[in-house]
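Please read the structure below before turning to the comments.
Each ligand, and each atom within it, is numbered from 1 in the order the structure gives. The model shown is predicted, which means the values in this text are computed figures rather than measured ones.
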Amino acid sequence: MSLRCHLLLCLAAVSAFAMSPPHMWTKLILTHHWPNTFCSIESCHHPNISYWTLHGFWPDKGNLCNASWHFNSSEIEDLLPDMERSWPDLLKPASSGFWKYEWYKHGTCAAKAPALNSQHKYFGKALELYHKVDLDSMLRKFDIIPSANYYKLSQIEGVIENFYGVTPKIQCVHPAENTDVQVLGQIEICFSPDFSLLDCEKEISSAGASAFSVCDPDVLVYYPPL
Ligand SMILES: *[C@@H]1O[C@H](CO)[C@@H](O)[C@H](O)[C@H]1NC(C)=O
Ligand SMILES: *[C@@H]1O[C@H](CO)[C@@H](O)[C@H](O)[C@H]1NC(C)=O
Ligand SMILES: *[C@@H]1O[C@H](CO)[C@@H](O)[C@H](O)[C@H]1NC(C)=O
């Protein structure tokens, strides 16, 4: 291959980069977890929580986008009561370590969008969407309640799809091989960059606790009560 050829390839690559920056995300994933399931696989130090809490608010592309943009809880002081309730650190409730981690890993990437380019905007928007989605009330309204009875995955998925009009990603913990039940663990609801609801992609494995994986449609789902 000639040098000229290399140069052309190089120019093509540069212009493609300019047209659609490969680092820019196109989707935001609002991830809820069910504390009781999370705490069955992790050693939690948190009193019983019987509602879905936030795990994260993740752009679909990028990790650790700006290591010099330090988490500073003073910047979200007015949000802290809601953060503690809605986005608690189930492992270390008294620390802000979880929020700091999420900010570095995902928030600094989300912040490439002007609408999310501060810690206050990022955490504030996550809380706003969490309350808007209000997964708890919705599930309860359609009789999906933590219970000793098992659900079909299609039942849970159907209720969410009918209500929000988009496909969620539902993840379970699979306690052991060849068991006839899986445990409901995480529900992701996705948004476009302008914060309207969007289908999630089930096949793409996202960041987060690796013990969770997409629920098996053929296995009954346990939604564990406290
Ligand atoms: C959790 O709640 C149950 C039932 O309400 C109670 O028996 C248990 O002591 C609680 N555990 C903690 C750590 O608060
Ligand atoms: C990273 O964050 C720092 C602190 O907010 C900021 O000054 C800097 O411009 C950011 N860098 C990039 C590439 O966004
Ligand atoms: C944290 O944020 C507050 C409020 O914006 C600011 O006054 C303070 O200087 C910041 N602290 C650091 C270490 O950046």
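Proximity of a side-chain donor or acceptor of Thr31 to a complementary backbone N or O of Glu188 within less than 3.5 Å is not detected.
Looking only at atom types and distance, the side chain of Asp216 has no donor-acceptor partner in the side chain of His174 under 3.5 Å away. Thr108 and Asn66 share no side-chain donor-acceptor pair at under 3.5 Å. Between the side chains of His55 and Gln186, at least one donor-acceptor pair of N or O atoms lies under 3.5 Å.
Ligand 2 is surrounded by Asn66, Ser68, Trp69, each with at least one heavy atom closer than 4.0 Å.
Remark: Glu157 does not engage Lys152 in a salt bridge, criterion side-chain N to carboxylate O under 4.0 Å.
The aromatic ring centres of Trp87 and Phe123 sit less than 6.0 Å apart.
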